[in-house]
Asks: 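Please read through the structure below; I'll follow up with questions.
Just so it is clear, the structure is predicted and the values come from calculations on it, not from any experiment.
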Amino acid sequence: MIRDIADYVLKRLERVNVTEAEVYVVKTVRSSLKLSEIIESLRTSENIGVGVRVVIGKKVGIYGTNDVTKEGLDKVIDDVVSIAKSNPEDPYWVSLAKGLGKSSVNEIFDKKLVDADPSLLTDKASLMIDSVKSVSPNARPARGSLRIDVSEVVVGNSHGELVSRKETAVSTWIQVKAEEEGKSVTYTELDMSRVIDDIDFEGLGKVAASKAIEFLKATKVETMKTDVIFDAKEFAHLLSVMLSGPISAEWVQKGRSPLAGKVGMEIFSKEVTILDDGTYPRMVGSREFDDEGIPTRKTVIVDGGVLRGFIYDTYTANKEGKKSTGNAHRTISTAPTPQPNNLVMKPGTTSLDEVIKDTKRGIYVLATIGMWLSNPVSGNINATVTHGYLIENGELSKPIKGFIISGDFYELMKSKLVAITKETSRFFNVIAPYVKFSDVQISA
C-alpha cells in the first residue's frame, strides 16, 4: 500500500516543473501498554505519514501529511511546490541522494510481532509485574510500559528506484517502588530490541525490585576526587549524550562540534575505538537504508583514540564533496540530518570483577538523572547519581546516592581512562563496556 502511495507521488511530481523530487513514506502499527501493579491500558494504532521534498533550482521545499487520500496527496504536492518557490535559494544545495539501495542487516524484523495477539503484550507485562512481587512484599511496580512497533518505510526520488524496508521494535521499562520504615526508593530498568525474545522481562522486574529494596539503605558520600566505575548502560547513556551531536557533520559545519578540525588527532585514550554501525543485528538503530534511501554501513569514528571522521547525510556530504555514510534521520515534515544509527564502543580484555578488585577505594555509578544537563559542546559532564556503590578494598560495599559527578568528558576519555571491560551492555542504540576513570570529581 505505501509503495503505491510513494509511486503515485513521484509520478504526479513528474508532471510538475521541478528540478528534483523525493518521497518518504512510513507506516507504523503500534501496540502500547501501560502498567502499574496491574495492566492499566492497552491500545493499538496505525499511522501512515508522507513526507515530500522538492527542489526548484536551488530552492528546497519540505512538507508532510497524514492524509493519504488522493486529495490529500495532491494537496501536499501543490503545497510543497509553493513552499519551494517561495523559499530563498540554498547556495550549498547540490542534489538529492543518489545510489539508493540496501545493505544486509540481520534480525531487525521479528515475525512474532506481526499481527501479534494482544495477549503477547499482556503476558509479558504480567511477567514483569509478578517478578517484582516475587522479590519482596515491600516492592511494587509503580509504573511502566511496553510498546511494540511494526513499521514499513519506502523512500524514492527522481534519481533512482523506490527502496523499502520492514522493521520491528520492542521497548519496555518498569519503575519499582520500595517502602520500609518510612523510607521510599524507586528504581527503573529498561530495555529495547528489534526482537522480543531478546528481552528478559522477568529479569527486568526482579532486578528493578532487588535494587529498589537494596537502596532503601543507601547513604550519602562526602565531596572528593576518586576512582569511578561506570555501569555499562550508564556509560552508554553518557556516550549518547556527549557524542551524538559532536560527531554529526551538521554540527561540525555549523561550528557547534568541539571535534571540528580534529580529524587525525588523538582525542581519546589509545584503548578507545568507536564505530557507528547501522548493520548491527537486533539493535534498534539498525536498518537496511537510511531515511534518504542510502544503504547503512559501519563508519569508524574513533580508532585507537584517533578521530577518523564524522557521520553524514547527503546534504552535509555534498557540502564537502564526500559521500553520505547512511546516517540520514528525518520526520515527514523535516529535512534529513545526520545522526548516529548505533554507536558501538569496542570492548577491552579485562573483566568487571577484575576492575573492581583493582580498585582500593572508589565509586560504582549504577544510575543517574539529569545527564541531559551535560554540555556536549563544551564537553562538561554534569549528572546526579541516584544509585551507586562505594568500593572499598576491591569490593562493592554499601549503596550510596544523591551526589553529583562532574568533569571534562575529553579529559576523562583521554588521560583518566584506567580500564575497559570485555563485558558490554546496550542502552537504546548504544553498545558500551564498563569503564573505570581515575581522579573524578564527586560533589555531595
Asks: Who are the side-chain contact (heavy atoms from CB on, under 4.5 Å) partners of Ser257, not counting sequence neighbours?
Replies: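 With neighbours one apart ignored, the set is Pro246, Trp251, Val252, Leu259.
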
Asks: Under the rule for salt bridge (Lys or Arg N to Asp or Glu O under 4.0 Å), what residues qualify as partners of Asp7, not counting sequence neighbours?
Replies: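 For Asp7 the salt bridge (Lys or Arg N to Asp or Glu O under 4.0 Å) partners, ignoring immediate neighbours, are Lys11.
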
Asks: Identify, with sequence neighbours excluded, every residue that meets side-chain contact (heavy atoms from CB on, under 4.5 Å) alongside Arg297.
Replies: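 If we apply the side-chain contact (heavy atoms from CB on, under 4.5 Å) test to Arg297, skipping adjacent residues, the hits are Thr299, Thr325.
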
Asks: Salt bridge (Lys or Arg N to Asp or Glu O under 4.0 Å): which pairs involve residues 346-357, sequence neighbours left out?
Replies: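 Not a single pair qualifies under salt bridge (Lys or Arg N to Asp or Glu O under 4.0 Å).
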
Asks: Tell me, please, which residues at least two apart from Lys298 pass side chain to side chain donor-acceptor pair (under 3.5 Å).
Replies: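 By the side chain to side chain donor-acceptor pair (under 3.5 Å) rule, Lys298 matches no residue at all.
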
Asks: How would you list, by chain and number, every residue that makes a ring pair (Phe, Tyr, Trp, His ring centres under 6.0 Å) with Tyr312, sequence neighbours excluded?
Replies: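 Once residues adjacent in sequence are excluded, Tyr312 has no partner under the ring pair (Phe, Tyr, Trp, His ring centres under 6.0 Å) criterion.
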
Asks: For His237, give me all partners under side chain to side chain donor-acceptor pair (under 3.5 Å), at least two apart in sequence or on another chain.
Replies: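 Counting only residues at least two positions away or on another chain, His237 forms a side chain to side chain donor-acceptor pair (under 3.5 Å) with Glu234.
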
Asks: Not counting sequence neighbours, which residues clear side-chain contact (heavy atoms from CB on, under 4.5 Å) with Ala116? List them please.
Replies: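 For Ala116, the residues satisfying side-chain contact (heavy atoms from CB on, under 4.5 Å) (neighbours in sequence not counted) are Leu120.
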
Asks: Can you tell me which residue pairs pass the ring-ring contact (aromatic ring centres under 6.0 Å, His included) test with a partner in residues 49-88, sequence neighbours excluded?
Replies: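 Matches after skipping sequence neighbours: none remain.
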
Asks: Checking Tyr389 now: which residues fulfil ring pair (Phe, Tyr, Trp, His ring centres under 6.0 Å) with it, not counting sequence neighbours?
Replies: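 Expected list: Phe215.
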
Asks: Do Arg53's NZ or CZ and the ring of Tyr24 fall within the cation-pi criteria of under 6.0 Å and 45°?
Replies: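 Not satisfied by the 6.0 Å and 45° rule.
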
Asks: Please verify the inter-ring angle class for Tyr410 with Phe268; under 30° counts as parallel, over 60° as perpendicular, anything in between as tilted.
Replies: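 Tyr410 and Phe268: parallel rings.
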
Asks: Tell me every residue that passes side-chain contact (heavy atoms from CB on, under 4.5 Å) with Asp198, counting only those two or more places apart in sequence or in another chain.
Replies: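 Only Ser193, Val195, Arg282, Arg426 meet the side-chain contact (heavy atoms from CB on, under 4.5 Å) criterion with Asp198.
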
Asks: Can you name the side chain to side chain donor-acceptor pair (under 3.5 Å) partners of Thr384, sequence neighbours left out?
Replies: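 Testing Thr384 for side chain to side chain donor-acceptor pair (under 3.5 Å), a comparison that skips the adjacent residues, returns none.
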
